[in-house]
Protein chains: 2
Amino acid sequence: MAAARENMSYRDIKQVVVDRIQNRIWAPDSLLPSETELAEEFSSTRTTVNRALRELAEEGYLERKRKAGTRVLNAPVRKAQFSIPLVRDEIAETGASYRYSLVEQTLLAAPDWLAARLELTQGRQVLHIRCMHYADNAPFQYEVRWIIPESIPEVLEADFTQSGPNDWLVQKVPFTNLEISFMATKADQAIAEFLDAPAGDPVFTAERITWLRGAPVTLAKLYFAPGYRMTTHI
Amino acid sequence: MAAARENMSYRDIKQVVVDRIQNRIWAPDSLLPSETELAEEFSSTRTTVNRALRELAEEGYLERKRKAGTRVLNAPVRKAQFSIPLVRDEIAETGASYRYSLVEQTLLAAPDWLAARLELTQGRQVLHIRCMHYADNAPFQYEVRWIIPESIPEVLEADFTQSGPNDWLVQKVPFTNLEISFMATKADQAIAEFLDAPAGDPVFTAERITWLRGAPVTLAKLYFAPGYRMTTHI
DNA sequence: TATTCAGTTAAGTGTAGACATAAATGTTTA
DNA sequence: TAAACATTTATGTCTACACTTAACTGAATA
C-alpha cells in the first residue's frame with residue numbers, strides 16, 4: 001500500500017505525507033515515525049526526509065519539537081499568504097491601465113492620534129499626502145498618507161505630482177518593519193467623492209505602518225473602491 | 001567591514017545578506033555573488049549558503065534562477081501571512097470567554113447564486129446554518145454557512161446546537177483547498193440585529209469556500225462585529 | 001515523596017561532495 | 001542570416017555523516 005518506490009525526492013515525500021494526513025492514516029495529534037524510520041521506509045536519507053517535514057511544518061501541517069517528535073496539527077490553521085503589491089502592479093495585473101493623481105500635499109504638525117499611533121513626541125512636522133489611483137480611469141484606491149520627514153529627510157524634496165509616494169518610498173526606503181491592518185470603514189464625504197460612491201457606504205480599508213530600524217517612516221490609509229475583494233487560495 | 005567570522009550558521013548568513021540589501025550594498029536588481037563565492041567569503045559551504053538564499057527567496061527578498069544567478073528584488077513584495085484561526089481560538093486568545101449560539105438550521109434547495117459560486121448542478125439540497133459567536137457575551141461574529149451534504153453525508157446527523165459547524169468540520173473534513181476573500185459589506189437587517197449595530201453600517205466580512213478533492217464542501221460568510229481589524233506584522 | 005541529575009533520543013544544523021537541470025552563451029551548420 | 005547544436009555555469013537536489021541541542025525518562029538523592 002505504502003509507496004516505497006526508490007529515489008523519492010523531498011517533494012514526493014511531502015506529497016505522501018500530506019496524503020496520509022488527509023486520509024487520516026496519520027490522525028490529528030498523532031506522532032509521526034521518526035525521521036530515521038521514514039528515511040528507511042522511503043529508501044531515502046534523513047536529510048531529505050528532514051527537508052520534507054521541515055517545509056510541511058512551515059506550511060502549517062506539522063509541529064516539530066526536538067526529541068518530542070513530529071506531530072500532526074489537528075486544527076489545520078493553515079496560513080493564508082497575501083502578497084502586498086504596489087497598487088500600480090495590482091492594477092497592471094488585471095490588464096487595466098493605471099493612472100495616478102495627486103490631490104493634496106501639505107506639511108503640518110502631526111495630529112494627536114497620529115503622534116499616539118506612531119509614538120512620536122508631540123508637535124512633530126509631518127508630510128501629509130492625499131492621492132488617487134485609477135484603473136482604466138475608474139477610481140480604484142484613495143490613499144491618505146503621512147510621512148515623517150525626520151526619518152527620511154529627502155522626502156521634502158521629492159516630487160509627488162507624477163507618481164505616488166508608495167513608488168517613491170519603495171525606491172528610497174528599505175523598510176524593516178511593517179504592520180498591516182484590514183478593516184471596513186464608512187465612507188466620509190471625501191472618500192465618497194473620490195471613489196465615486198455614496199457617502200456612508202462601506203469601504204474596504206487597509207492601514208499600513210512602516211518602520212525603518214525602529215523609527216516610524218510612514219502611515220498610509222488605503223480606501224478601496226466599492227466591490228473590492230482581497231482574495232487568496234491555499 | 002564584511003563579517004567573515006568563522007562558523008556562520010545559515011541564520012547568520014541570512015542576517016548579513018538582509019543587512020547588505022537594506023544598506024544598499026547589494027542594490028535592488030543587482031546580482032549577488034554566486035553561492036560558491038559567498039561560501040568562500042563566509043568560510044562556510046555552498047549547502048549552507050544555499051539554504052540561506054533559498055529561504056530569503058521564499059521570504060521575497062531575492063529571486064533565483066538557474067544559471068542566471070541570484071538577484072535582489074527591487075519591490076519588497078514581502079508576503080503578509082495571516083493565520084486563519086477558529087473563532088473560538090481567536091476569542092480565547094484575547095482572554096475573553098467564548099459562547100456559541102445556533103440561530104437557524106434548515107435543509108433547502110441551493111439558491112442560484114450559491115449553485116453558481118460552487119459550480120453545483122441546479123436544485124441541489126444544501127444545509128443552511130446561521131449562528132452567532134460571542135466574546136464575553138458581546139457579539140463577535142455572525143456566521144452564515146452552507147454545507148453540501150453530498151460531499152459529506154454525515155453532516156445531516158451532526159448536532160449544531162452546542163458547538164458550531166466550523167468546529168465540527170475541522171474534525172471531520174481534511175479539506176484540500178480553500179479560498180478566502182475579505183471585503184466590506186453593508187449590514188442588512190439581520191446582520192445589524194445580531195451584531196448589535198445600526199443597519200447600513202460597514203461590516204468587515206470574510207468569505208471562505210472549502211473543497212475536498214475538487215468537490216465543494218462548504219461556503220461560509222463571516223460577519224465581524226463593528227470595530228474588528230485583521231492585523232499582521234512583518 | 002519530591003527533586004535533581006544523568007542518559008537517551010529525535011530533531012536541528014553544518015560539512016563535503018556528487019550529479020541534475022535550466023538558461024545564457026558560443027559555435028556550427030543549413 | 002538564422003536555426004540548430006554544444007558548452008558552460010549557477011542553482012537545484014540528493015547522499016552520507018558528524019556534531020549539537022532540546023526534551024523526555026528514569027534512576028539516584030534529599
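Any value given below was found using the heavy atoms of this structure, including those in side chains, with hydrogens, waters and symmetry copies removed. A, B, ... follow the sequence lines: proteins, then strands. Residue 1 opens every chain.
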With the side chain of K67(B) defined as its heavy atoms from C-beta on, choose the nearest nucleotide among dA11(C), dA22(C), dG14(C). dA22(C)
Cationic N near anionic O, under 4.0 Å, E63(A) to R71(A): no
Would one find a side-chain N or O of R64(B) under 4.0 angstrom from OP1 or OP2 of dG12(D)? yes
Whichever of K65(B) and R46(A) has its nearest DNA chain C nucleotide further upstream toward 5': R46(A)
At 4.0 Å (heavy atoms only), tell me whether T70(B) reaches a base, stays on the sugar-phosphate, or touches nothing. sugar-phosphate
Counting just side-chain N and O atoms, does S34(B) come under 4.0 Å of either OP1 or OP2 of dT9(D)? no
Separation of E63(B) atom CD from dA23(C) atom P, in whole Å? 12 Å
So with a 6.0 Å cut-off around CD of E154(A), is the heavy-atom count from everything else above 12? yes
Quickly work out the R51(B) CZ to dT11(D) P distance and round it to whole Å. 18 Å
Counting just side-chain N and O atoms, does N50(A) come under 4.0 Å of either OP1 or OP2 of dA11(C)? no
Looking only at side chains, do R99(A) and Y134(A) share a donor and an acceptor under 3.5 Å apart? no
Rounded to whole Å, please give me the gap between CG in L62(B) and P in dG12(D). 11 Å
Compare side-chain N and O positions of S44(B) against OP1 and OP2 of dG14(C) and report whether any pair is under 4.0 Å apart. no
Hey, which sits more toward the 5' end of DNA chain D by its nearest nucleotide, L32(B) or Y10(A)? L32(B)
Specify whether Y98(B) and H133(B) have parallel, tilted or perpendicular ring planes, treating 30° as the upper limit for parallel and 60° as the lower limit for perpendicular. parallel
So if I apply the ring-ring contact (aromatic ring centres under 6.0 Å, His included) rule between F204(A) and each of Y142(A), F182(A), F140(A), which one comes out positive? F182(A)
Which is more 5' along DNA chain C, the nucleotide nearest R66(B) or the one nearest R54(A)? Just name the residue. R54(A)
Nearest of dT15(D), dA18(D), dT15(C) to any side-chain atom of T48(B)? dT15(C)
Separation of dA10(D) P from L38(B) CG (nearest whole Å): 12 Å
Gap between atoms CG and C1', on L53(B) and dG12(D) respectively (whole Å): 12 Å
For atom CD of E35(A) and atom P of dT15(D), their distance in whole Å: 14 Å
What is the distance, to the nearest angstrom, from the CZ atom on R71(B) to the P atom on dA22(C)? 20 Å
Closest to the side chain of T47(A), out of dA23(D), dG12(C), dT15(D), is dT15(D)
